[in-house]
Amino acid sequence: MDEKVFNIKREYSIPEFFKEELDSEQLDAVINSTGRSLIIAGPGSGKTRVITYKIAYLLSQGIKPENILLVTFTRAAAREMVERVRNVTNVDTSSLTAGTFHHVCNMILRRYAKVIGYENNFTILDSEDAKDLMRIAKNEYKETLTKEEAKQIPGEGVILKIIGYAANTLKSIREAILDMAAYLIDYQEDIERIYMNYLEMKKKINAMDYDDMLINTLHLLETNEDIRNYIASKYQWVLVDEFQDTSLVQLRIVEFLSSVHKNLIVVGDDSQSIYSFRGSRFENVEEFQSHEDVKLFKIQTNYRSVPEIVELENYLIPTHSIPKKLKPYRSSYHMKPVIVKTYDELEQADFIVQLIENKFDEGVSPEEIAILYRSHSLSMVLQQKLDVKKISYKLLSGKRFIETRHIKDIMAFLKILANPYDNISWTRVLKLFPGIGQKTLTKIVNEFYANLMEYPTPYGAFEQIKFRKYPKAKEIILYLFENSDENPQDLIDYIYNEFYREYLELNFKDAYSRKQDIERLGEIASRYKSVESFLEELALSENIEIQSAEKDRKNERITLTTVHGAKGLEWKVVIIISVNPGDFPNGMALKEKKIDEEERLFYVAVTRAKDELYIVKQLTGTTKPYYGNSFYMRQKLPDFTDKIPKELVEHWKIGYSD
DNA sequence: TCCGGGGTTTTTTTT
DNA sequence: AAACCCCGGA
């Protein structure tokens with residue numbers, strides 16, 4: 001149907017009020033960043049505000065929202081910024097493209113995958129899926145070797161790390177091995193062969209892992225001028241947030257996406273680059289800055305933290321950073337940051353519970369308190385204590401929700417609906433049924449694949465398979481194939497009620513909390529209409545927030561998160577726990593000589609605090625057994641609290657009143 | 001062919 | 001916590 005277009009003139013707010021909302025550094029960055037610009041934004045300097053007003057400014061100049069591309073680090077950040085733009089401008093921002101690199105790539109690939117030899121309905125492998133697949137690829141290769149030879153082959157984790165590194169740096173496997181694991185150079189050929197297996201398997205099941213999504217997008221833009229120009233001409237302005245955590249591939253992608261209009265604004269803080277394990281290159285910032293046409297803006301006033309904390313932050317600016325000095329804006333607070341020495345993890349947990357209760361008594365809301373740690377395991381003792389004391393919390397990053405066994409089981413059922421060739425999910429699903437082991441399931445799956453050639457639908461193909469011994473398995477899988485168009489929540493309910501509830505009760509001591517997780521999964525699924533969109537979003541979106549075991553009536557909870565999960569957030573009271581050599585900085589990272597990144601991580605942690613900062617350490621160090629190994633015993637590891645000048649902090653030790 | 005028991009290994013951060 | 005291996009009994 002042809003519709004006639006009736007053009008009306010858009011009304012935009014006049015940006016006069018910007019001058020009241022922004023300081024001179026921010027205003028300069030908003031108005032004068034044109035062409036290619038780099039905005040170095042210190043912690044708490046109003047970075048989000050600058051991006052928001054930059055977009056508002058562009059809209060006020062008559063740029064249409066659909067011609068703006070905003071790339072952020074998390075989906076949540078994108079949503080928040082778009083919402084703020086809408087509030088500032090009253091412009092309908094729904095056509096503005098905003099999301100993470102992976103969302104943007106996904107959008108492009110869903111449309112053009114065929115051009116580079118994929119089906120448009122490719123599935124996305126999360127890192128767990130990739131690991132499973134790599135394990136199979138490795139074992140397949142091992143079968144061609146003798147037992148002795150097979151023993152020497154590096155593990156799938158190492159191989160994934162190498163190929164991930166190669167992908168993100170655009171290097172060959174050989175170069176990657178030499179760069180990061182030179183001792184494995186004798187196994188170059190083995191690794192390459194395993195890698196080929198892995199590629200083949202991914203292709204066979206029409207899947208891409210996270211690296212593929214970036215690499216394939218780059219490849220598409222690089223090799224197809226027409227497509228590149230078509231997409232790039234749409235985006236008059238490209239803005240990139242958290243630029244210090246972009247990889248080389250990501251940098252190339254945004255360069256291509258901005259190649260027609262050449263307006264590329266990147267915002268970041270090189271001192272806060274904490275994702276090098278994922279290919280992030282803080283060098284991107286320095287390199288970008290070094291181009292002659294790039295305009296540089298610095299915004300360095302700190303609006304977030306009290307001067308006592310800002311002073312400490314200035315001391316902790318990581319060694320290899322673009323020189324900067326943060327200027328405090330807020331007025332003085334009644335206390336300095338605190339370093340607390342506790343005896344062990346239990347005492348640390350007791351102290352934190354007591355501190356939190358004191359803060360509640362002072363009237364601080366739970367939402368304003370956060371506990372940060374280097375790795376999940378460091379929060380376990382504390383979690384138990386909080387549960388006992390009935391202090392409710394939310395985990396921004398637990399062991400990622402979808403990586404737990406029971407959630408993966410349920411998801412495997414849905415995955416075979418979206419992609420009947422998903423071998424890994426078939427294995428997972430069939431093994432759940434008593435009596436079906438490796439041999440039987442291989443037979444079933446092979447027969448199913450063979451049938452798929454003959455029968456038009458998976459339902460038809462599966463129906464043909466004889467299941468005399470396992471009628472329940474057949475009944476359930478057939479039902480799911482038959483109803484695969486239903487909304488995902490109903491399917492999850494079906495799996496749970498008909499089968500998985502009983503399985504949980506029989507096999508897990510902690511069935512209760514796992515049941516709650518599945519209920520949560522159902523809730524999340526209810527927001528999606530199709531299995532495909534649900535799976536896609538779950539693979540691409542950030543952590544799902546997990547509630548504590550204690551069901552709370554009030555929705556007020558303190559936050560527990562890794563430092564990585566705390567990126568971009570802020571709280572009135574921040575407690576950093578287990579700041580011990582080996583825990584934070586992390587022992588494994590130090591072994592790989594990544595002390596710089598640990599420093600940046602600590603800097604990120606400290607800069608999250610608005611009013612009160614507690615750095616808690618234990619005299620005994622950690623209680624985890626494997627830290628008692630030779631590496632930890634042999635060396636004196638750096639202690640972050642050592643280099644903090646005494647006069648900048650208060651020192652507390654624990655005493656007992658009762 | 002399946003399953004359970006015992007033993008071992010992993011060793012961080014995540015789109 | 002959860003995967004793997006090996007082995008012996010059903």
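Because only heavy atoms are used, hydrogens play no part in the values below, and waters and symmetry mates are left out as well, while side chains stay in. Labels below follow one simple rule: chain letters A, B, ... track the order of the sequence lines, proteins then strands, and each chain is numbered from 1.
- A donor-acceptor pair shorter than 3.5 Å cannot be found between the side chains of A:Thr123 and A:Lys415.
- When heavy atoms are screened at a 4.0 angstrom cut-off, A:Ile274 is found touching no nucleic acid atom at all.
- The side chain of A:His376 places no N or O atom within less than 4.0 Å of a non-bridging phosphate oxygen (OP1 or OP2) of B:dT12.
- Rounded to a whole Å, the NZ atom of A:Lys138 is 10 Å from the P atom of B:dT10.
- Looking at heavy-atom distances under 4.0 Å, A:Gln438 makes contact with sugar-phosphate atoms alone, never a base.
- Here B:dT15 presents its C1' atom at 8 Å from CG of A:Leu214, a figure rounded to the nearest Å.
- What separates CG of A:Asn507 from P of B:dC2 is a distance of 17 Å, to the nearest Å.
- Residue A:Thr562 places at least one side-chain N or O closer than 4.0 Å to OP1 or OP2 of B:dT14.
- The separation between A:Glu156 atom CD and B:dT11 atom P is 9 Å, rounded to whole Å.
- Put simply, CD on A:Glu128 is 14 Å from C1' on B:dT15, counting in whole angstrom units.
- Residue contacts for A:Tyr275: at a heavy-atom cut-off of 4.0 Å it reaches the sugar-phosphate backbone alone, with no base atom in range.
- Here CG of A:Asp270 is found 11.0 Å from CG of A:Asp245. Values are rounded to the nearest 0.5 Å.
- Contact check on A:Glu536 versus A:Arg110 returns a salt bridge, with a Lys/Arg side-chain nitrogen under 4.0 Å from an Asp/Glu carboxylate oxygen.
- Following rounding to the nearest Å, A:Leu430 (CG) and B:dT1 (C1') show an atom-to-atom distance of 15 Å.
- Of the two residues near DNA chain B, A:His564 and A:Pro434, the one whose nearest nucleotide lies more 5' is A:Pro434.
- Under the 4.0 Å criterion applied to side-chain N and carboxylate O atoms, A:Glu447 and A:Lys466 are not assigned as salt-bridge partners.
- Summarising the geometry, the separation between CG on A:Asp517 and C1' on C:dA1 is reported as 14 Å, rounded to the nearest angstrom.
- Stacking annotation: A:Phe277 is not stacked on the base of B:dT14 (requires ring centroids less than 5.5 angstrom apart and an interplanar angle below 30 degrees).
- In this structure, a donor-acceptor pair under 3.5 Å is absent between the side chains of A:Ser273 and A:Glu597.
- Comparing A:Lys161 and A:His102 along DNA chain B, the residue whose closest nucleotide (by nearest heavy atom) sits nearer the 5' end is A:Lys161.
- Taking only side-chain atoms of A:Thr440, from C-beta outward, the nucleotide of B:dT12, B:dT1, B:dT15 with the closest atom is B:dT1.
- Note on A:Arg135: every side-chain N or O is 4.0 Å or more away from OP1 and OP2 of B:dT10.
- Of the candidate nucleotides B:dT15, B:dC3, B:dC2, B:dC2 has the atom lying nearest to any side-chain atom of A:Lys439.
- Counting to the nearest Å, the P atom of B:dT15 and the CD1 atom of A:Ile253 are 17 Å from each other.
- An OP1 or OP2 oxygen of C:dA1 is reached within less than 4.0 angstrom by no side-chain nitrogen or oxygen of A:Arg405.
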